[in-house]
Structures are given as structure tokens and as C-alpha cells.
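For reference, the structure discussed in these notes is given below.
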There are 2 protein chains.
Amino acid sequence: MAHVIIVRGAASTGRYGQAMAETETDAVSENRMKRKPRAANAPPAAGSGMRVRSAAKNSDIVYRDLHKAIVTMELTPGAPVLERKLTEQYGVSRTPVREAVLRLVEDGLVEVAPKSGTFVARIPLSVVREALVARRALEEVTVRAATELSSESQIMQMRAIIQHQQEMADAGDEEAFHQADDKFHASIAAAARYPGIWKMIQQVRIQVERYRRLTLPQNGRMPMVVKEHTAVLDAMAARDADAAVARMNEHLDKLQLDISIFRDLWPDYFAIDPSLDEKLFAGK
Amino acid sequence: MAHVIIVRGAASTGRYGQAMAETETDAVSENRMKRKPRAANAPPAAGSGMRVRSAAKNSDIVYRDLHKAIVTMELTPGAPVLERKLTEQYGVSRTPVREAVLRLVEDGLVEVAPKSGTFVARIPLSVVREALVARRALEEVTVRAATELSSESQIMQMRAIIQHQQEMADAGDEEAFHQADDKFHASIAAAARYPGIWKMIQQVRIQVERYRRLTLPQNGRMPMVVKEHTAVLDAMAARDADAAVARMNEHLDKLQLDISIFRDLWPDYFAIDPSLDEKLFAGK
DNA sequence: GAAAATTAACTGGTATACAAGATATATCAG
DNA sequence: CTGATATATCTTGTATACCAGTTAATTTTC
């Protein structure tokens with residue numbers, strides 16, 4: 001995972017093409033001076049595919065890696081994020097590293113103390129509480145729409161995903177189990193035709209995810225999750241939206257059981273939240 | 001609005017203190033070489049107030065200005081965002097400007113074509129549709145909690161806000177009207193003690209806001225909004241959560257009337273969305 | 001020894017320079 | 001005059017250098 005050197009482009013900063021612009025005659029250069037500066041680029045056409053083939057920037061790579069490391073608790077809350085170290089590990093300059101860090105700040109996964117240091121953000125308990133509420137609300141509309149819109153093939157695919165999740169639970173592969181979990185909820189969102197809302201759910205899940213990484217190993221919740229997923233899917237297959245919503249809510253409610261316990265177990269991982277008013281009006 | 005020069009810090013890059021490190025004796029410098037490099041900074045304490053006094057960076061200023069300009073349709077969809085021009089307007093270098101632009105990309109308000117240009121993002125209609133659904137879901141839980149938790153003084157404050165909004169509607173001051181509208185919904189979120197969810201609502205609102213800026217001048221909707229707000233508040237004051245939710249939903253539903261009409265009126269402002277699958281699985 | 005003052009080395013924020021790709025304009029062929 | 005080619009100049013992405021603030025280690029003072 002660590003010490004991955006990015007070699008896209010010229011890693012060794014060779015100064016080729018350094019003596020080329022000097023070999024021009026005055027006549028030609030004068031001719032070139034007559035060019036008018038070109039106008040600003042036109043925006044891409046409206047109806048066109050709006051193809052933005054973004055060629056995987058270095059900052060994206062750093063961002064994804066760090067994001068994953070933080071969410072999986074590989075980097076624990078409070079751990080320092082050293083820009084210098086990252087530049088060495090990835091073989092890139094500070095700029096893309098900095099961009100990645102800034103995006104993580106936007107996600108609420110890291111915090112920066114201006115001239116002091118950057119650290120993996122602690123888990124604000126009130127945010128976890130709210131995230132659970134928000135996710136419930138969003139998954140509710142999603143599963144309701146999916147119950148109406150999902151095709152039979154999509155239902156079958158979900159059954160396969162649940163089966164796979166069962167197998168991973170039996171094998172005790174937590175990582176694969178998580179991935180299957182993610183895939184199940186994603187397929188619901190896909191069936192509901194709510195890609196944007198799924199994005200929001202993911203964003204919210206991230207905040208809860210780190211917390212869940214602590215809770216899940218505790219009790220043997222993995223088989224229960226599979227059962228709950230099955231209940232949701234059964235209701236969807238029966239085209240009973242209300243039941244599907246109810247099962248989903250029951251499923252999600254299982255997470256918010258014992259926050260205080262874990263705060264006592266890993267006190268350094270959680271943060272006391274600032275006052276509500278402050279957060280509310282910090283934006284403007 | 002434009003051409004605001006930021007003068008925080010030294011604008012004229014004076015090279016003071018350029019000849020200072022040279023005047024040391026060898027003995028002293030040798031002594032200093034014996035210092036061990038200090039350890040990495042410690043993360044801020046867990047229980048402490050987590051005070052991150054971020055001193056309003058230049059990039060924040062640029063971000064806020066651009067954000068506002070885009071949301072208010074002062075910068076129309078498809079308009080180019082020239083980093084060069086912004087550096088001149090604000091008197092700062094490209095770095096903070098670039099940070100601001102990247103944050104706006106994260107918000108979905110601008111799009112960058114890698115080596116070509118940066119433009120104000122068009123409004124993807126499907127995003128608007130989803131945003132309306134998501135906002136409905138989130139405002140629902142918010143207004144429900146607010147109905148239970150709001151104090152009498154908070155109710156009174158909301159009445160004052162509505163009254164103010166009425167006055168602004170009468171005066172025809174659209175900008176102030178919008179602000180009052182924002183304040184009303186914000187106060188509901190505050191009463192519900194859901195600062196995080198309010199943040200999400202705001203994020204979602206932004207996508208709809210630009211669309212709404214086009215629709216609102218059309219019909220005389222301002223007085224109707226005030227009435228709808230009053231209905232919501234009345235239900236809250238009566239502590240009738242279900243009614244409050246119903247009134248809020250009615251209020252929000254008024255927005256999604258006629259998307260197609262506006263797409264035909266300003267075709268260049270809207271974008272055809274890529275396929276759903278693409279968006280869903282673009283993340284991983 | 002212990003506490004206060006000093007100082008050096010770290011940090012993130014910013015400025016600037018360079019590289020590589022994309023595009024509008026100029027040039028040229030028919 | 002029209003269409004294809006070329007090229008200058010624009011753009012963003014990246015690298016590097018510098019500044020100011022913070023902090024830990026050291027030194028000084030009592």
C-alpha cells in the first residue's frame with residue numbers, strides 16, 4: 001500500500017528541449033509578433049456528450065489512497081498526515097499532495113492546523129448521529145423508488161450479491177464483506193435511478209464507516225446483516241414498498257446502538273463537538 | 001464586486017531579511033549541528049475544544065465570491081472561469097485561486113477541461129430532479145424534529161423571519177427575499193439540532209438554487225412562498241409534526257413543476273446527463 | 001534542579017516557473 | 001473563396017522556492 005511511486009510522465013525531471021527557441025531569425029519572429037492573441041476557449045457544447053476525459057491526475061491517486069486508508073482505519077484518527085512524507089512516497093511534488101489533502105478536508109476526513117500540522121480527523125459523535133438520520137432518510141426514498149422501478153434481473157443480481165456476502169461472512173473476510181455490503185446498497189440506488197442520492201449516501205456513510213469499523217468486529221453482526229438485507233430484498237421482490245422501507249429502517253437502526261461504549265473504549269478517536277450554533281452559522 | 005484586491009500580508013514581495021544567516025561563527029554553527037531534529041507535531045488533544053482558528057485564507061475569499069456569483073447566476077452556465085483573470089482581480093497568485101476553483105469543482109459548480117479551460121458548470125437536469133427528492137427527504141426529518149424540539153422563542157423568531165420575508169416580497173427585493181427564505185429553513189434546522197443535515201440541505205439547495213433563479217422571476221411566486229412558510233410554521237406551533245411535514249412537502253413540491261419549459265427557454269444552461277451507470281460506478 | 005527564555009527546525013500558505021496538451025488563428029493549397 | 005495544415009498562444013497540471021507562524025528541543029537563569 002505504501003511507498004508506491006508514481007511514474008506517469010517524466011519522473012526524472014530531465015531538461016530536454018532547453019535550447020530551441022533561440023535559433024530564430026528576426027524576420028520570422030517579427031512576422032509572428034503580428035499575430036493577435038487568440039480569444040478565450042469556447043465552453044464545450046451544451047448538447048454534446050460533455051466528455052471530460054480527465055486523465056487520472058496524480059492528485060487523484062494520492063486522494064484515493066489516503067481516503068481509503070482513513071476510512072478503513074488504517075490511518076487512525078489523530079494520526080499526522082505529513083505532506084513531505086507523501087511527496088517522497090509517491091514521487092510527486094507538494095502541489096498534487098496538497099490538492100488531495102484539501103479534498104480530504106472537504107470530506108471531513110482530515111483537519112489542518114494552519115502552520116502546525118495536518119491530522120486525520122477524529123470522529124465527531126454528533127456527526128455520526130446525524131449521519132445515521134440522514135442516511136435513513138435518503139435510503140428510504142431510494143429503496144421506495146427501487147421497489148417500484150427495479151427489474152427482475154436487478155432483483156436477481158441483488159440476490160447474488162447477498163449470497164456472495166453470506167459466503168464472505170462465512171469465510172470471515174471482513175473486507176470483502178464490506179464491499180458486498182456496499183454493492184448491495186449501491187444496486188438499490190442504481191435500480192432507483194438515483195445516482196446523485198447514492199453519492200450523497202456514500203458521503204454520509206463515510207462518516208459512519210470509520211465508526212462501524214470499530215463496532216463490527218465486536219459482536220458477530222455479519223450474519224445478521226445478511227438476514228436484514230434478505231428481508232429488504234424480499235419486500236422489494238414482493239413490490240411492497242412500505243415493507244421494504246420498514247426493513248431497511250430496521251437494518252439501519254441496528255447501527256446506532258451503543259455509541260457511548262465505543263467512545264469510552266477509544267476516547268482518542270472521537271471528538272467533542274463544538275456548539276451547534278457555531279457550526280450552523282460558520283458557513284456565512 | 002469585481003476587482004477587489006486582497007492586501008492581507010505583504011502584497012509587494014519585499015526581500016527583507018535576505019542576508020542574515022551568513023553571519024555565524026563556525027563554533028556556534030557546529031554546536032547547532034548537534035541538535036536532533038524535533039519530533040513530528042503532536043495532534044491536538046482529543047477533549048480539547050479542537051480550536052482550529054483558521055485565519056481566512058485568500059483561497060477562501062476567492063471561493064466565497066465565485067460561489068456566490070455562480071449561485072446567483074451572475075456567472076451563467078458555460079461562462080469561462082479564467083484563473084489568470086482572477087489572479088489579477090484579487091491580486092493573489094494562482095495557487096489560492098486554483099484551490100478555490102478545485103473546491104467549486106467539488107461542489108459541482110464548475111467543470112475543468114484538463115488542458116483547455118475551466119467553465120461554470122451547466123445545470124444537469126437529472127441532478128436537479130434528484131436534488132429535489134433528496135431535499136424533500138432531508139427537510140422532512142428536519143421539520144419533524146424541529147416540531148418536537150423547537151422552543152417558543154424559536155417559533156417566535158421564525159414568525160419574525162416570515163414577516164420580514166413578506167415585507168421583502170412586497171418591496172420586490174428578490175435578493176433579500178432569498179436570504180429570508182434561507183434563514184427560515186436554517187432556523188428550522190437549528191431548532192431540530194441538525195447542523196450537519198442542514199449543511200447537506202444547503203449543498204443540495206445549491207444545485208436547485210440556480211435553477212430556481214430562473215423560475216422565480218417568472219410567475220409571482222414570492223407571496224405564495226410566504227403563505228406556504230406560514231402554513232409550515234403554524235403546524236409546528238401546534239406541535240403537529242405530520243401536518244408540518246405535509247405542509248413542507250407541499251411547499252417543496254411547488255418547485256418541480258416545469259423543468260422542460262425552462263430547458264427550452266435556456267437550452268445552453270442545461271446539460272444532458274451521462275448514463276446512470278457511468279455516474280454510479282465512476283467512484284470506484 | 002526547575003522554570004523561563006531562546007532558538008532551530010518543522011509546518012502549511014503563497015508565489016513563481018516550467019511542462020505538456022488543446023485550440024483558435026494564420027497560412028497555404030486547390 | 002473554401003478546406004486542410006501548421007503554429008503560436010492559450011490553458012491547466014506540476015515542480016520548486018520562499019515566507020510566516022508554530023512548536024519542540026535547547027539553553028539560560030534563578
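In the text below, chain A, chain B and the rest are named by the order of the sequence lines, each starting its count at 1.
- Between Y63(A) and D107(A), the side chains place a donor N or O and an acceptor N or O closer than 3.5 Å (distance only, hydrogens not considered).
- Taking atom OH on Y63(A) and atom C1' on dT14(D), their separation rounds to 20 Å, with Å as the unit.
- Between E99(A) atom CD and dT14(C) atom P the separation is 14 Å, expressed in whole Å.
- When the side-chain nitrogen and oxygen atoms of K115(B) are compared with OP1 and OP2 of dA20(C), none of them lie within a distance under 4.0 Å.
- Atoms CD (E88(B)) and C1' (dA15(C)) sit 15 Å apart, rounded to a whole Å.
- Between dG13(D) and N58(A), no contact under 4.0 Å exists linking OP1 or OP2 to a side-chain N or O.
- Note on S93(B): a side-chain N or O is less than 4.0 Å away from OP1 or OP2 of dA15(C).
- In this structure the side chain of D65(B) reaches within 4.5 angstrom of the side chain of Y90(B), judged on heavy atoms.
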Output, in order, the C-alpha distance, side-chain angles, deciding distance and verdict of salt bridge (Lys or Arg N to Asp or Glu O under 4.0 Å) for E175(B) and R213(B). CA-CA 10 Å; E175(B) 195 50 42; R213(B) 292 270 172 172; 3.1 Å; yes
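- The phosphate of dT12(D) has OP1 or OP2 within less than 4.0 Å of a side-chain N or O from T118(B).
- Contact annotation for V81(B): backbone-only contact, meaning every heavy-atom pair under 4.0 Å involves sugar-phosphate atoms and none involves a base.
- Atom CZ of F119(B) and atom C1' of dC10(D) are 11 Å apart (whole Å).
- To the nearest angstrom, P of dG13(C) lies 7 Å from CD of E83(A).
- L104(B) places its CG atom 13 Å from the P atom of dT12(D), with the value rounded to the nearest Å.
- For R84(B) and dT11(D), the CZ to P distance is 7 Å, given to the nearest whole Å.
- Side-chain contact between L86(A) and V81(A) is present, with at least one heavy-atom pair separated by less than 4.5 Å.
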Residues K68(B), E74(B); criterion salt bridge (Lys or Arg N to Asp or Glu O under 4.0 Å); working and verdict: CA-CA 8 Å; K68(B) 185 175 179 182; E74(B) 187 181 331; over 6 Å; no
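- Counting atom types as modelled, R94(A) pairs a side-chain N or O with a base atom of dG13(C) as donor and acceptor under 3.5 Å.
- Rounded to whole angstrom, the span from the NZ atom of K57(A) across to the P atom of dA20(C) amounts to 18 Å.
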